[in-house]
Amino acid sequence: MPAPVLTPEEFQRRLLAWFERHGRHDLPWQQDRSPYRVWISEIMLQQTQVATVIPYFERFMARFPTVQALADAGQDEVLHLWTGLGYYARGRNLHKASRQVVNEHGGELPVHSLDALAELPGIGRSTAGAIIAQSRGRRAVILDGNVKRSLSRLHAVEGWSGRSAVARRLWALAEYYTPHEYVTDYTQAMMDFGATLCRRGQPDCPSCPFADVCVARGRGEERRFPESKPRKVLPTRTTRMLLLQDAEGRVLLERRPSSGLWGGLWSLPQFDDDEQLQAWLDAHVPDAELGRTWSPFTHVFSHFRLEITPQPARCNAALAVDEARRWYDPGEPASIGLAAPVKSLLTTMAPFTLEPTGA
DNA sequence: GAGACGTGGTT
DNA sequence: TAACCAAGTCT
């Protein structure tokens with residue numbers, strides 16, 4: 001172990017003293033720390049901030065209070081409650097994992113084993129540790145963004161944590177400081193410390209219980225840690241979204257492929273260009289009347305920009321629906337997962353006016 | 001190892 | 001405002 005700045009005991013003592021006064025003690029998933037509730041919260045909290053998660057967690061627990069309830073539900077309803085939260089593979093994996101828990105573990109999350117937990121889809125090394133520490137109080141090491149940031153600064157760990165050598169070093173530090181007792185408070189304290197004091201933007205060093213030993217602070221370089229991922233320019237993709245309404249004002253939706261962007265969610269039919277859109281209409285809805293194309297808007301994702309041009313149209317003919325195609329009434333929304341920009345379009349721009357193409 | 005995967009907040 | 005980032009995991 002490389003030059004510790006504190007013994008584990010001293011680190012834990014200072015951290016827990018700070019946590020008692022400044023930690024978060026009344027988050028929804030802290031009220032009843034059942035493995036199921038902790039599991040759901042940990043999945044929702046992946047790459048997502050607490051304030052965003054809270055309302056989703058409350059709705060999810062109200063609808064799916066047990067593993068069994070979740071396993072009994074259909075994927076559409078699970079994704080419906082995940083709509084707007086992002087990273088939808090989390091929702092799909094959660095649903096899949098709930099059925100595994102029912103079928104392979106007797107309906108109980110395998111909290112006795114880190115490895116058994118991590119075999120469930122969506123649960124990696126850190127989340128498995130968090131579930132065990134938070135729900136059982138058994139010693140388990142976590143390494144999330146908060147812990148990475150705090151330990152990176154405390155020890156001035158150079159390099160981006162996506163590099164395996166850096167990740168190994170951070171895991172070793174996390175392991176070194178994690179206590180055998182008070183693990184529930186300790187792990188929560190580490191996350192609260194990173195989220196509220198040792199923030200990326202403006203760390204509150206003057207209030208920090210480790211200010212005297214923090215290596216980054218000692219060098220006046222706390223803002224340089226942790227090192228960020230090398231960035232590349234975002235490519236731009238363009239797409240046409242068909243806003244096809246039938247005589248009753250319902251909108252045509254298509255289910256996205258089960259993997260990839262918005263996997264398993266419902267979206268408007270998408271086309272690369274006008275020709276493809278027109279060809280599809282000719283083949284499936286020959287009586288469709290096209291309106292004037294709306295101006296494009298841009299949706300920025302982590303890895304690309306999506307420029308969307310909505311194309312309004314109306315038709316009278318019935319269109320066969322199936323597993324991947326349906327009519328959707330914006331006035332009486334069904335419990336299905338909708339891609340966020342689509343939901344936004346349907347709520348803010350409905351009812352769609354159909355202006356003549358040449359007007 | 002590198003890229004994919006979302007959305008909302010912050011600077 | 002455009003970039004950057006947040007309680008990571010999977011392929």
Side-chain angles (χ1 to χ4, degrees), chain A residues 23-24 27-30 38-57 79 82-94 96-97 117-131 133-134 140-150 159-168 170-171 174 187-196 198-202 223 225-237 256-265 267 298-306 337-344:
Chain A
R24 294 173 289 195
L27 297 172
W29 41 90
Q30 295 176 325
V38 170
W39 174 37
I40 302 299
S41 72
E42 291 299 335
I43 298 297
M44 288 187 169
L45 285 161
Q46 289 171 0
Q47 301 286 282
T48 311
Q49 299 188 345
V50 166
T52 302
V53 164
I54 288 175
Y56 283 87
F57 178 81
L79 291 181
W82 213 272
T83 293
L85 197 53
Y87 283 136
Y88 299 98
R90 294 183 296 173
R92 298 195 302 274
N93 284 332
L94 199 52
K96 186 175 174 186
L117 271 181
E119 278 181 23
L120 293 169
I123 300 182
R125 184 174 172 185
S126 185
T127 298
I131 292 172
Q134 289 294 309
V141 181
I142 65 167
L143 186 65
D144 64 358
N146 291 309
V147 180
K148 284 179 185 172
R149 185 168 53 256
S150 306
W160 171 52
S161 66
R163 285 169 42 195
S164 59
V166 179
R168 273 197 304 277
L170 291 171
W171 272 108
T187 57
Q188 186 61 49
M190 282 300 280
M191 294 188 281
D192 289 356
F193 177 76
T196 68
C198 197
R199 301 176 294 255
R200 166 171 288 278
Q202 297 176 311
R223 299 290 295 273
F225 299 93
E227 284 186 29
S228 52
K229 175 182 182 174
R231 283 285 172 181
K232 297 174 179 174
V233 286
L234 297 183
T236 300
R237 303 181 202 169
R256 303 274 307 173
S258 57
S259 65
L261 186 71
W262 300 324
L265 272 66
S267 179
T298 301
H299 213 71
V300 181
F301 295 87
S302 347
H303 48 298
F304 67 99
R305 303 170 190 281
L306 185 60
L338 278 180
V342 174
K343 187 171 189 177
S344 172

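None of these values were measured; they are calculated from a predicted model.
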Does [N] have OP1 or OP2 sitting under 4.0 Å from an N or O in the side chain of [X]?
X	N	value
A:His303	B:dC5	yes
A:His299	B:dT7	yes
A:Arg149	C:dA7	yes
A:Ser228	C:dC5	yes
A:Gln47	C:dG8	yes
A:Arg200	C:dA6	yes
A:Lys229	C:dC4	no
A:Thr127	C:dA7	no
A:Tyr88	B:dT7	yes
A:Arg305	C:dA2	no
A:Gln202	B:dT11	yes

Heavy atoms only, 4.0 Å cut-off, all strands: where does [X] land among base, sugar-phosphate and nothing?
X	result
A:Trp29	base
A:Ile131	nothing
A:Gly162	nothing
A:Val147	nothing
A:Lys232	sugar-phosphate
A:Ile43	nothing
A:Val50	base
A:Gly145	sugar-phosphate
A:Thr48	base

Quiz prompt | Proximity to the side chain of A:Arg231 - top-ranked nucleotide from C:dA7, B:dC5, C:dC5 | solution =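 In terms of side-chain proximity for A:Arg231, the closest of C:dA7, B:dC5, C:dC5 is C:dC5.
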Quiz item: DNA chain C: A:Ser41 or A:Leu120, which has the more 5' nearest nucleotide?
Solution: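 Its nearest nucleotide being more 5', the pick is A:Ser41.
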Base [N] paired with [X] side chain (donor-acceptor, <3.5 Å):
X	N	answer
A:Arg24	C:dA7	yes
A:Ser302	B:dG6	yes
A:Thr52	B:dG9	no

Whole-Å distance between [N] [atom2] and [X] [atom1]?
X	N	atom1	atom2	answer
A:Leu234	B:dC5	CG	P	13 Å
A:Arg92	C:dT11	CZ	P	10 Å
A:Ile123	C:dC10	CD1	P	9 Å
A:Tyr87	C:dT11	OH	P	15 Å
A:Trp82	B:dG6	CH2	C1'	12 Å
A:Arg199	B:dG9	CZ	C1'	14 Å
A:Leu85	C:dG8	CG	C1'	13 Å

Self-check item: Distance, P atom - from C:dT9 to B:dG8, rounded to whole angstrom
Solution: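 B:dG8 and C:dT9 have their P atoms separated by 23 Å.
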Practice problem: Take atom P in B:dA4 and the same atom in C:dA7, then report the distance between them in whole Å. | Solution: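 Per the computed distance, 23 Å lies between those P atoms.
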Quiz item: Just by distance, with hydrogens left out, do A:Arg90 and A:Asn93 show a side-chain donor and acceptor under 3.5 Å apart?
Solution: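 No - no donor-acceptor pair under 3.5 Å links their side chains.
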Practice problem: Select from A:Trp262 and A:Ser164 the residue whose nearest nucleotide in DNA chain B is closer to the 5' end of that strand. | Solution: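 Looking at DNA chain B, the more 5' nearest nucleotide goes with A:Ser164.
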Self-check item: Position toward the 5' end of DNA chain B (nearest nucleotide), A:Ala340 or A:Ala165
Solution: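 Result: A:Ala165.
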Quiz item: Looking at A:Trp82, does the NZ or CZ of A:Arg92 lie under 6.0 angstrom from its six-membered ring centre and within 45 degrees of the ring axis?
Solution: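 Pair A:Arg92/A:Trp82 does not count as cation-pi.
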Exercise. Run through A:Ile43, A:Leu120, A:Ile123 and flag the one making a side-chain contact (heavy atoms from CB on, under 4.5 Å) with A:Ile131.
Key: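 Result for side-chain contact (heavy atoms from CB on, under 4.5 Å) with A:Ile131: A:Ile123.
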Quiz item: Say you draw a straight line from CD1 of A:Ile54 to CE of A:Met44; how long is it, rounded to the nearest 0.5 Å?
Solution: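 Taking CD1 in A:Ile54 and CE in A:Met44, the distance rounds to 11.5 Å.
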Exercise. Supply the atom-to-atom distance A:Leu261 CG to A:Ser267 OG, rounded to the nearest 0.5 angstrom.
Key: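 That separation rounds to 8.5 Å.
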Practice problem: Considering non-hydrogen atoms only, spot the tightest contact between A:Pro226 and A:Arg149 and give its length. | Solution: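 Heavy atoms of A:Pro226 and A:Arg149 come nearest at CD-CG, 3.5 Å.
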